[in-house]
S.K.: 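This is the structure, below, for whatever I ask next.
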Amino acid sequence: MDSTARIFAIATGGASGGCRTAGGFAMLEVLITLLILLLGLLGLLGLMTRANTAELESYQRVQAVILMRDMLNRIESNRAVAGCYSNGTVGTQFGTEYAGTPTCTLGSAAQNAQAVADMIDWNALLLGSAETKGGNKIGAMIGARGCITQIDAANKIYMISVVWQGMTPTAAPKVTCGQGRYGATETLRRAATVTLRIGIL
């Protein structure tokens, strides 16, 4: 190789120098591509986590509404002793931590027995007895509680509330059922309520 060719080869990087430069650029492109792919996968993972949380929140709300409507139907079908379900104006709380034994003495023996059976059944449903797995009750919401309160004795108006623990903080509900049981700020407490008025016939 003469001096002119040698100078040209050095100036242009020659055949081997060009390959080394191209190889370096190719490796850099691969690393950048992997970084972009990693960021995309992390974003997808975050999206999947949020979707799972939203799905669980939705499932719990549906379960709460079903349990709330269940008790509403029970009271409506035994309206003569509706006061038994709420324990007067004090209100009765069922579900987690409920250790009481319901009683009823407002109507006939059959009506009273039906009210007691309804309250025992509803308490069991709040504890998840509708579905079990490996001996564990899993058929209800996390930390489920239910409250039945007589809010107007003269007009026979009752409020049925079902509360449970949510997965992410939101605004605290206004109902007092289960207050102080899901954290100090109440932002994890979820609630579903319905008002029932027993017609005076």
S.K.: Which pairs would a plain distance check flag for residues 110-119, meaning a side-chain donor or acceptor within less than 3.5 Å of a matching protein atom at least two apart in sequence or in another chain?
M.R.:
unit_1 : atom_1 : unit_2 : atom_2 : d
Gln111 : OE1    : Ser108 : N      : 3.0
Gln111 : OE1    : Ser108 : OG     : 3.3
Asn112 : OD1    : Leu106 : N      : 3.4
Asn112 : OD1    : Gly107 : N      : 3.0
Asn112 : ND2    : Cys104 : O      : 3.4
Asn112 : ND2    : Gly107 : O      : 3.1
Asn112 : ND2    : Ser108 : O      : 3.3
Gln114 : NE2    : Asp118 : OD1    : 2.8
Asp118 : OD1    : Arg74  : NH1    : 3.1
Asp118 : OD2    : Tyr85  : OH     : 2.6

S.K.: For a quick test of reading the model, state the closest non-hydrogen atom pair linking Tyr158 to Ser86 and the distance between them.
M.R.: CE2-OG, 3.5 Å
S.K.: For Ala82 versus Ile75, what's the shortest heavy-atom pair and its separation?
M.R.: CB-CG2, 3.9 Å
S.K.: Working note: Met159 + Val175, criterion side chain to side chain contact (heavy atoms under 4.5 Å, CB included); need CA distance, chi angles, decisive distance, verdict.
M.R.: CA-CA 10 Å; Met159 183 171 68; Val175 296; 4.3 Å; yes
S.K.: Can you name the closest pair of heavy atoms from Lys137 and Leu127 and give their distance?
M.R.: CB-O, 3.3 Å
S.K.: Which atom names give the shortest non-hydrogen contact between Trp164 and Ala64, and what distance separates them?
M.R.: CZ3-CB, 3.3 Å
S.K.: Not counting sequence neighbours, list each pair that qualifies as a salt bridge (charged side-chain N to carboxylate O under 4.0 Å, His left out) and has a residue in residues 164-182.
M.R.: Glu97-Arg181
S.K.: Side chain to side chain contact (heavy atoms under 4.5 Å, CB included), that's the test. Do Arg197 and Asp152 meet it? Break it down for me.
M.R.: CA-CA 9 Å; Arg197 180 171 183 171; Asp152 187 338; over 6 Å; no
S.K.: What's the verdict on side chain to side chain contact (heavy atoms under 4.5 Å, CB included) for Leu125 and Ile66, showing C-alpha distance, side-chain angles and the deciding distance?
M.R.: CA-CA 10 Å; Leu125 290 172; Ile66 290 171; over 6 Å; no
S.K.: Rest of the hydrophobic cluster containing Leu45 (Ile/Leu/Val/Met/Phe/Trp/Tyr, side-chain heavy atoms under 4.5 Å)?
M.R.: none
S.K.: With hydrophobic residues grouped by side-chain heavy-atom distances under 4.5 Å, do Val194 and Ile148 end up in a single group?
M.R.: yes
S.K.: State whether Tyr182 and Arg190 meet the cation-pi test: NZ (Lys) or CZ (Arg) under 6.0 Å from the six-membered ring centroid, and within 45° of the perpendicular axis.
M.R.: no
